[in-house]
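Okay, so here's the structure we're looking at.
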Amino acid sequence: MADGTKAIVDTSETDGAATEAAPGTSQRDTGSDRGRAAKGSADSAVKSTANGSPKDAAKNPPKTAPKGASKGAPKGASKPGAKDAPTTPLRPAAAEPAAVSGSDDPKPPADATAPLSAQEIDAELTAQGARAAERPSRSRGVRRPLPPIEPSEPAPPTSTETLDADTATLPAVLPAPQRHSGDKIGGRYRLEECISESDTFTSWRAVDEKLRRAVGVHLLSAGHRRAKSVLTAARSAALLGDPRFVQVLDAVQEGELVYVVREWLPGARDLGELLAAGPSEPYDAYQMVRQVTDAIAAAHQRGQAHLRLTPKCVLRTDGGQYRINGIAVDAALRGLPTEDAELTDVRAIGALLYASLTHRWPYPEDRYDLQGLPKDLGCVPPDQVRAGVHKGLAELAARILCEQPPHHKEPITTPAELAAAIAELPKIRQPEQPAPPALRTPPAARPRYSPGAPTQAIPAAEPAPAPVAPRPASRPATRRRRGLRRVAQWTASLVALSAVTVGSWQLVDYVNHRNKAATDNHTAPAPAPSDSGAATTGEKLAISSVSPFNAFGGTKDEHVSELPNATDGNPTTAWTTQRYNDQFGTAYRPGDGLLVDLGSARAVSSVEVQLLGDTKVELKAAPAGATSTPAADENGFRSLGATIAGGSGSKVTLKPAAPVTTRYLLVWLTNVPTDDGGYRGKIAEIQVNG
């Protein structure tokens with residue numbers, strides 16, 4: 001009985017037996033001997049209490065109780081009570097030894113307490129039966145529901161992992177999966193190159209064979225304690241849908257392997273690589289901190305955090321846009337804690353800004369190929385580490401990283417506060433590009449002639465007058481006048497010679513051009529007529545129609561009302577694409593353009609395209625026998641085949657290596673100029689030549 005659990009079990013068994021003996025009915029109503037036995041037992045208990053003093057009752061209780069239980073109990077009450085009698089009496093246990101009839105106790109005195117009435121006994125038995133009904137019974141294998149137990153306050157969660165805050169490495173339950181180049185994951189991702197490896201996971205550059213594009217893949221054992229949190233983080237990051245973050249494309253548990261697939265930006269460079277050459281210019285540092293802060297602040301508004309924002313996670317594309325890699329996933333892979341997420345991210349941004357301004361890591365240790373600050377230096381503003389740092393950006397970095405910023409400024413502790421502080425800075429403009437060096441005029445005395453030009457007779461220049469030998473003068477003034485006269489004569493001679501030379505050069509160039517034009521007119525053969533109806537070489541071909549060809553986007557009717565601007569002969573009007581946040585040429589969106597329909601298969605020698613802004617253009621052509629318009633999707637794009645010509649600039653002539661016969665031409669923009677903080681292509685004119 002010392003064990004609490006055992007005491008409860010024993011009590012429930014006994015109470016269950018009592019409940020089965022009298023399930024909710026009074027002993028008097030049953031007419032059985034159990035009611036009379038209970039009444040007699042209660043009467044005897046009262047008499048014993050009145051007759052014996054407490055002293056006598058306490059003197060010999062063990063001896064009297066067993067005797068009364070075996071001999072003096074009524075005959076009818078001995079059968080049901082011998083085995084299943086309740087252990088808890090109706091009255092205090094001190095009255096039990098004298099509660100048995102037939103005992104040797106003397107007759108109770110006259111002032112004994114009056115015995116309990118039948119109604120009182122029934123009430124006691126009924127209450128006891130109700131209590132027993134709530135406990136499970138083991139006597140006959142019947143389980144009854146226990147009363148509800150109030151839940152205790154849950155204990156705070158405790159981490160089962162240890163974290164090294166400096167290196168962000170955690171002990172692994174299972175080692176990283178062993179894979180090799182050429183292995184295929186998920187039936188479509190072919191591993192190409194392992195770019196990072198740890199005890200817990202590996203990261204690869206891979207190829208999506210289904211969509212024929214490069215991707216990044218993280219591999220983790222499914223039995224690892226972080227596998228579930230990594231999948232959860234990857235799926236929540238995929239729902240973020242912000243183009244400023246590198247997109248998560250897939251997150252799957254397959255057998256004993258967990259893999260996370262992300263977008264791959266082949267032309268992007270991370271901030272650590274950019275800082276290897278030295279500190280950033282103020283404009284570049286401003287653009288980096290502004291774009292990264294805006295993206296992180298927007299993620300926090302949607303309940304997402306990065307928690308491991310390093311120079312390797314910040315990528316800059318060719319168009320100058322910054323993309324953030326590893327939102328939520330990098331922290332989950334390393335088991336980083338999520339407490340103080342806003343402060344963690346904003347201080348990481350401050351470290352990136354500090355490193356960009358000073359080319360030093362703002363902490364004592366060396367990180368990311370950057371030298372750390374001295375240990376005893378403390379928090380020093382960037383303009384005290386390196387001369388020439390932008391004052392506004394230096395103060396911003398100090399407000400983020402220093403506990404007590406200089407000039408009694410308020411510290412910045414959240415991305416939203418940092419975004420507001422950046423918005424208050426005076427705009428930092430991009431430095432002007434240096435002007436190209438001025439072209440020098442070639443020397444007039446040595447003209448260049450076209451090779452192969454016929455020899456021309458150049459008029460002979462008048463010989464310069466021979467210098468007159470000076471005569472001795474008697475006076476200094478006469479010598480000075482003669483010297484000035486000789487200088488004037490030499491100057492006039494040189495000017496005359498230069499004029500004759502330039503005139504001769506221009507005359508030769510004019511004669512050469514006339515001879516070349518005459519030769520071309522006499523030697524160029526007339527084009528032979530063709531049965532296919534192809535136009536004469538160099539002739540402008542009529543365009544039947546143009547249509548948008550957004551093969552990799554959801555909007556297929558891009559600015560249809562502007563389509564006539566591409567063929568109206570007015571270079572100031574243009575058809576424009578949508579405004580995109582990303583530059584074309586990435587794996588996310590290869591390009592956009594217009595499909596030109598010539599009405600029938602024609603021989604095409606070149607396509608002239610005028611654009612608004614510096615643009616990179618490619619030309620594709622449908623097969624000669626194609627009679628149906630290619631679909632504006634990925635399959636239709638691939639049906640057009642390889643690029644047959646390309647160029648860049650604001651006026652581009654796309655000329656294939658040999659004339660092609662086709663009905664459909666695709667003018668495909670692969671790199672477009674910036675527009676209102678994004679990217680937009682503008683085609684002003686398209687001219688097809690036969």
Side-chain angles (χ1 to χ4, degrees), residues 189 191-196 203-208 211-218 234 237-238 240-250 260-281 283-296 298-299 306 308-330 333 348-349 351-353 355-356 368-370 430 552 579-592 614-616 648 669-675 677-681:
Y189 303 112
L191 303 181
E192 294 288 334
E193 178 187 3
C194 184
I195 57 178
S196 66
S203 299
W204 293 78
R205 176 179 59 83
V207 174
D208 183 354
L211 297 181
R212 299 181 183 179
R213 61 181 178 181
V215 294
V217 178
H218 297 302
L240 192 60
D242 193 329
R244 293 171 291 191
F245 294 93
V246 175
Q247 302 297 305
V248 174
L249 306 176
D250 207 352
V260 177
V261 183
R262 64 174 177 85
E263 183 183 5
W264 185 268
L265 305 179
R269 302 171 64 192
D270 62 68
L271 186 59
E273 183 181 354
L274 296 173
L275 293 179
S280 302
E281 294 294 331
Y283 176 79
D284 296 332
Y286 168 76
Q287 287 296 326
M288 184 277 297
V289 71
R290 181 183 65 83
Q291 294 184 34
V292 171
T293 300
D294 290 345
I296 293 295
H306 195 289
R308 195 177 179 274
L309 199 59
T310 67
K312 299 296 182 182
C313 298
V314 178
L315 310 176
R316 190 179 74 176
T317 63
D318 294 336
Q321 185 183 16
Y322 287 89
R323 304 280 300 276
I324 301 174
N325 187 22
I327 176 73
V329 177
D330 281 7
L333 285 170
I349 298 174
L352 298 179
L353 177 59
S356 299
Y368 312 107
D369 298 329
L370 297 174
Q430 186 175 9
F552 298 90
R579 177 186 169 276
Y580 296 102
N581 293 325
D582 296 325
Q583 178 60 272
F584 292 162
T586 64
Y588 178 67
R589 187 183 300 277
D592 197 354
D614 192 6
T615 309
K616 189 175 181 180
S648 61
L669 311 181
T670 59
N671 194 284
V672 295
T674 58
D675 180 79
Y679 302 89
R680 190 193 303 272

Exercise. Walk me through it: do Cys313 and Asp330 pass the test side-chain contact (heavy atoms from CB on, under 4.5 Å)?
Key: CA-CA 9 Å; Cys313 298; Asp330 281 7; 3.6 Å; yes
Practice problem: Measure the spacing between CD1 of Ile324 and CZ of Phe245 and express it to the nearest 0.5 Å. | Solution: 4.5 Å
Quiz item: Quick check: does any side chain N or O of Tyr679 sit under 3.5 Å from a backbone N or O of Gly319, one acting as donor and the other as acceptor?
Solution: yes
Quiz item: Just wondering, are more than 12 heavy atoms of other shown residues or ligands nearer than 6.0 Å to CD in Glu192?
Solution: yes
Exercise. State whether the side chain of Arg680 and the backbone N or O of Val672 hold a donor-acceptor pair below 3.5 Å, judged by distance alone.
Key: no
Self-check item: Pairing residues for Tyr189 by the side-chain hydrogen bond (donor to acceptor under 3.5 Å, both in side chains) criterion, not counting sequence neighbours
Solution: Asp250
Self-check item: From CA spacing to verdict: side-chain contact (heavy atoms from CB on, under 4.5 Å), Leu352, Val289
Solution: CA-CA 8 Å; Leu352 298 179; Val289 71; over 6 Å; no
Self-check item: Distance (rounded to the nearest 0.5 Å) between Gln583 CD and Asp318 CG
Solution: 8.0 Å
Quiz item: Asp242: what forms a side-chain hydrogen bond (donor to acceptor under 3.5 Å, both in side chains) with it, not counting sequence neighbours?
Solution: Arg244
Quiz item: Just how far is it from atom OG1 of Thr674 to atom CZ of Arg579, taken to the nearest 0.5 Å?
Solution: 10.5 Å
Exercise. Starting at CZ of Phe584, measure out to CG of Leu669 and round the result to the nearest 0.5 Å.
Key: 6.5 Å
Quiz item: Got a second to check how far Leu353's CG is from Arg290's CZ, nearest 0.5 Å?
Solution: 13.5 Å
Practice problem: Please name all residues satisfying side chain to side chain contact (heavy atoms under 4.5 Å, CB included) with Arg316, sequence neighbours left out, ordered by chain then number. | Solution: Leu274, Asp284, Tyr322
Quiz item: Once you round to the nearest 0.5 Å, how far does CD of Glu273 lie from NZ of Lys312?
Solution: 7.5 Å
